[in-house]
Amino acid sequence: MSNLDIISMSFRNLFKRKLRTFLTVMGVVIGTAAIIVMISLGIAVNVSFEEMLTQMGDVRMLTVRDPNAGMGGRFGGGGSVVVIGGSSGGSATSTRTPDIPELDDDAVNTFRRLPNVSAVSPVVDIQIAAVSGRYSNAWMQIRGLDLGAMEAFGYVLAEGDFLQGDTNGIVFGSDVGFNFSNPNDRNWWNNMDWENRTSPVDFMNDRVEISFETGFGWGNNNRPGQDQGATGPRPRPIRLHVNGVLAPLRWDTDMFAFMNIDDVLRIRRDQQRYQANEGTRQPGANRNAPNVYDSVMVMASDINSVEAVRDTIVDMGFHVDSWFIDMLRSMQDMSRSLQLFLGAIGGVSLFVAAIGITNTMIMAIYERTREIGIMKVIGAKIRDIKRLFLLEAILIGFIGGVFGVALSLGISYLLNTASGAIAGGMLMGMGGGGSRLSIIPMWLILAALSFSSLIGLVSGYFPARRAMNLSALAAIRTE
């Protein structure tokens, strides 16, 4: 028998017993749809977890800190600097004590050569007073990065350009302007409309200056603030060249202004000299920092590479913030457990469908015993008979899988539209309130079709062997 004959006979035999075939296929449809929908719920939870972490910071970004500082967590670094990392909270620290490495240019270059690392930038943070017209910010946080690092680390502009390398060029985070106020308005806090507030400073058009002097941020007369006892000449304000303003991204970028790291290092050195001469100290100057850099940002090429990159850096003796990684892994483990549990529920339905296929094929053999005997007598090969019954079983599984996929897509659509808002708020609350309750990727569809076909193949194997082993003469005599 040719392959075409076997395929043609298989379809004819299935359609001869339409009701039985329909009921058997419906079992596969329900089982396939159940397992797809159940797994899709777990996938949606996992995606929601990742969306929640992305809002807090890029999961791929690691913050490497000075191992000499002995401080971890979201706030740390050398001296009194407040360093807010993009991927922080918990930490991973090497247990190696001898020959503690320094967070210098050699370390940065080593990080750049690591596999699965897409971007690296040293970081220097300072706090400094800023003034724009009659508005001031006594504690503006400036982060120094390498040129090109902002694009590499995924920052998004609302207007203007990224850092271009011009002297004292700066890019402001979206919320920095909210911290500017009129120091002569004693009631500014009570007068502020906190719900509808807007920045009093137009960074792209207004003049912005900074100074080491704390009093500079509280007004320019009579040295107010910490510097009122200073005796030397007042430092000349530094006029900033505003390159651009960032779009809202997340809190650890929205509250910072960004400059070329060389400019920030120069400003910090001048700030340290001024404070040493005047006997004052501006928080963030970090006079006693043991290393050149406060931290280093390292971007892994993808989420799956983050742990390997972190472990490599920790083995070098550095401290790495890993709160995001640990949380992501915990969430993924929870999501996998949920998917296995939900998939097992759907698997029970598919197992029942497999029993139905087996039952259908065995019944077909009993009803077609004489037909099998005639096929053997006229010269049909035993393997062709086996292939015929196996193909019928596979067709039941595959057709059921196709309609099961279609049904699951319809259920997913209904969940994501009609009841997505209600059910999503209940189920996705633990994952950050994802926008979709059910997500069915293409790989799940292909896996479901393959699995349903495999179920048909396995279920039809025993009946096919039974048909193959029937005696031709005995089969012909059967009424």
Side-chain angles (χ1 to χ4, degrees), residues 51-63 74-75 81-88 118-133 135-181 194 196-210 217 238-264 267 284 294-299 321 324:
E51 288 177 355
M52 180 193 70
L53 290 180
T54 301
Q55 292 174 358
M56 300 171 63
D58 196 323
V59 182
R60 298 173 300 154
M61 188 163 68
L62 301 170
T63 301
R74 186 170 295 279
F75 300 98
V81 170
V82 179
V83 181
I84 305 178
S87 171
S88 50
S118 61
V120 175
S121 176
V123 175
V124 173
D125 289 349
I126 61 173
Q127 289 179 333
I128 201 165
V131 167
S132 178
Y135 300 101
S136 63
N137 180 352
W139 313 106
M140 188 171 76
Q141 300 182 91
I142 298 180
R143 170 161 291 176
L145 301 174
D146 277 344
L147 288 177
M150 301 189 74
E151 300 97 315
F153 284 92
Y155 295 12
V156 180
L157 284 167
E159 54 182 326
D161 298 308
F162 288 114
L163 299 174
Q164 303 298 313
D166 46 332
T167 303
N168 298 328
I170 192 168
V171 173
F172 287 96
S174 61
D175 291 346
V176 175
F178 297 146
N179 294 325
F180 279 75
S181 60
W194 294 103
N196 303 305
R197 62 177 180 160
T198 57
S199 172
V201 181
D202 181 0
F203 288 121
M204 296 302 296
N205 298 303
D206 295 344
R207 180 187 181 105
V208 183
E209 295 180 324
I210 59 175
I238 301 171
R239 182 174 179 178
L240 300 177
H241 174 73
V242 181
N243 291 107
V245 178
L246 295 177
L249 185 61
R250 52 184 182 267
W251 71 272
D252 62 335
T253 58
D254 296 346
M255 299 300 296
F256 275 84
F258 299 88
M259 297 181 68
N260 183 359
I261 193 168
D262 294 332
D263 288 337
V264 174
I267 293 171
D294 299 326
S295 61
V296 176
M297 296 192 308
V298 178
M299 178 73 78
D321 286 348
F324 275 3

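With contacts defined as side-chain heavy-atom distances shorter than 4.5 Å, the pair Val201/Phe172 does not qualify. Side-chain contact between Val131 and Val208: absent, with no pair of heavy atoms (C-beta onward) separated by less than 4.5 Å. When side chains are defined from C-beta on, Leu246 does not count as touching Asp254, because their heavy atoms never get closer than 4.5 Å.
Note that CG of Leu240 is 9.5 Å distant from CZ of Phe203, once rounded to the nearest 0.5 Å. Distance check: Ile128 CD1 to Ile267 CD1 gives 5.5 Å after rounding to the nearest 0.5 Å. A distance of 7.5 Å separates CD in Gln141 from CG in Asp125, rounded to the nearest 0.5 Å.
Shortest non-hydrogen contact noted between Ala247 and Ser174 is C-CB, 4.0 Å. Nearest heavy-atom pair across Ala152 and Ala119 is CB-CB, 3.7 Å.
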Please lay out, stage by stage, how Arg143 and Val123 fare under the test side chain to side chain contact (heavy atoms under 4.5 Å, CB included). CA-CA 7 Å; Arg143 170 161 291 176; Val123 175; 3.6 Å; yes
Can you list the steps and then say if Phe178 with Met255 is a side chain to side chain contact (heavy atoms under 4.5 Å, CB included)? CA-CA 9 Å; Phe178 297 146; Met255 299 300 296; over 6 Å; no
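Remark: side-chain polar atoms of Ser121 are not paired, donor with acceptor, to backbone N or O of Met297 under 3.5 angstrom. With Asp206 contributing its side chain and Ser132 its backbone, the two residues share no donor-acceptor pair below 3.5 Å.
Checking Ile142, Ile170, Asn137, Ile126 one by one against Ile210, the side chain to side chain contact (heavy atoms under 4.5 Å, CB included) holds for a single residue, Ile142.
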For residues 153-165, which side-chain N or O atoms pair as donor and acceptor with protein atoms under 3.5 Å away, sequence neighbours left out?
| unit_1 | atom_1 | unit_2 | atom_2 | d |
| --- | --- | --- | --- | --- |
| Gln164 | NE2 | Phe162 | O | 2.7 |

Could you pull out all donor-acceptor pairs under 3.5 Å where a side-chain atom in residues 257-264 meets a protein atom, sequence neighbours excluded?
| unit_1 | atom_1 | unit_2 | atom_2 | d |
| --- | --- | --- | --- | --- |
| Asn260 | OD1 | Asp262 | N | 3.4 |
| Asp263 | OD1 | Arg266 | NH2 | 3.1 |
| Asp263 | OD2 | Asn168 | N | 3.0 |

